[in-house]
Number of protein chains: 2
Amino acid sequence: MDTANSGRESSAARIEQALLEDIAIGELEPGARLDETRLAERFGVSRTPVREALNRLTAQGVLVTGEKRGVRVAQYSREELAQMFEAMHEIEALCAGLAAQRLTLLARSELEKAQAECVAAAATGDRLRYLKANEALHFLIYRATRNIYIEALAVDFRRRTGPFRAKKFATREDLVASATSHEELLQTIFSADSERASDGMRRHMTASFLRVLALN
Amino acid sequence: MDTANSGRESSAARIEQALLEDIAIGELEPGARLDETRLAERFGVSRTPVREALNRLTAQGVLVTGEKRGVRVAQYSREELAQMFEAMHEIEALCAGLAAQRLTLLARSELEKAQAECVAAAATGDRLRYLKANEALHFLIYRATRNIYIEALAVDFRRRTGPFRAKKFATREDLVASATSHEELLQTIFSADSERASDGMRRHMTASFLRVLALN
DNA sequence: AAACTTGACTTTGCATACAAAATGAACTTC
DNA sequence: GAAGTTCATTTTGTATGCAAAGTCAAGTTT
């Protein structure tokens, strides 16, 4: 498989990533059924690596093996969505609190740089660029907890809620509002007051969350 | 889903459970390498279902695909163990806080019953019985959050830290001390003061955690 | 007309086979 | 003698085939 597999990763890994992408951009909607054979054809491989990818994604909770046949893209009721966002919300608050306690100078400067990029992206109204910058900033906050498990947890939730958050940033005002909210949050984290930082993150996330629920 | 489908579960699911069991009881030590072919022989199946089980367990973080060949039982350095327990610690605190806010009468009575069982088990010094009762109580607290994602998170961490916590309850005094600690925690949860409940859980878990680190 | 049955078709799970990649050891070379 | 090189062996990844289990619909019976 020298020609087919251009990258270094296995077919299974490639398919896993591709499906995640499809779900993230809405190509595969929640509830959509995934057929092993179809996917095998689409990616030009046999069913074996497809099955592997589907298994991994199922274990991650991105896909679910439904009551009927086949595996489907996980879909959530409003109640489940609310619970998922609540969970993410609390995890993010936890991250902010820990980050506030443990902020190194390096981490601080990186956060400031990331925030600058957010502001710049918001100013131009470039939605995609803002989404990336926003992700980067949040990931930096997770990392600043200096706890790999909590970081992994937060990353995981962000990935799972991604498809639902994506719709949120529609107008340039949305971007600017988000960036401004970040600014306050960072100031609180920098103040090294973990309790206030947690609350700050909760406020930031609550605003996001309410908008998402309104849209879904 | 695994238990409900007893008798008719797939080979992969059966192998997954068997391996989890082996890890839990220490048959498979952290760092032990798992050979697909060996496992296939041992379970009398081909490599295909074995690979499926290993993939699932890897996705769960129970196994890790190391730098060298093969997948291994996850092993943690002291630093990683400390971080993992810190994470669990925070998650448990979060659960206690939410449970305090949302406790139904039914949940409260179930918690009290579970605690009574803990106390009874501790009194007899029956280690296995206490372990089970202790698990049950913690799971009830998770459920009392009324958030399935946070509950799942907490259950997951408890499972991952299980092998390391198991050693902790050596003497009858250990059991009684743990049960007493639970008592205080529950009183705080019942007081419906979520902030104090979080702190209570933190105290309870810190005590556990320090003992674990001393042993590993 | 509703419900049960039967049979074709689809889907899934597993086995076997093969190819590619990595590891380790023997061997060569400087 | 140490370092590099090549070859054999082990291990992993993927393909294909087959059998069992499930689904759906048409046909039959009450």
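Since we're looking at a predicted model, the values are computed, not measured. The sequence lines fix the lettering, A, B, ..., with proteins before strands; numbering per chain opens at 1.
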Ignoring hydrogens and angles, tell me if any N or O in the side chain of B:Arg102 forms a donor-acceptor pair with the backbone of B:Thr145 under 3.5 Å.
-> yes
Here the distance between atom P of C:dC14 and atom CG of A:Asn55, to the nearest Å, is 10 Å
Could you check whether A:Arg33 gets within reach of a base, just the sugar-phosphate, or nothing at all, counting any heavy atom under 4.0 Å?
-> sugar-phosphate
Are any of the side-chain nitrogens in B:Lys113 or B:Glu117 under 4.0 Å away from the carboxylate oxygens of its partner?
-> no
Looking at B:Ser11, does any N or O in its side chain come under 4.0 Å of the phosphate oxygens OP1/OP2 on C:dC14?
-> yes
Are B:Glu52 and B:Arg56 within salt-bridge range, i.e. N to O under 4.0 Å?
-> no
Rounded distance in Å - CG (A:Leu63) to P (C:dT12) | 13 Å
Rounded distance in Å - CG (A:Leu39) to P (D:dA15) = 13 Å
Could you check how far CD of B:Glu36 sits from C1' of C:dA21, rounded to whole Å?
-> 14 Å
Between C1' of C:dC14 and CD of A:Glu52, the distance in whole Å = 14 Å
Starting from P on D:dT10, measure out to CG on B:Asp35 and report it in whole angstrom.
-> 11 Å
Select from A:Arg47 and B:Arg47 the residue whose nearest nucleotide in DNA chain D is closer to the 5' end of that strand.
-> B:Arg47
Toward the 5' end of DNA chain D, by each residue's nearest nucleotide, B:Thr48 or B:Leu34 = B:Leu34
Donor-acceptor pair between B:Gln83 and B:Glu79 side chains, under 3.5 angstrom | yes
Does B:Arg14 have a side-chain nitrogen or oxygen under 4.0 Å from the phosphate oxygens OP1 or OP2 of C:dG13?
-> no
With respect to the phosphate group of C:dG13, does any side-chain polar atom (N or O) of A:Arg51 fall under 4.0 Å of OP1 or OP2?
-> yes
Nearest-Å distance for atom pair CG/C1', residues B:Leu54 and D:dT12 = 12 Å
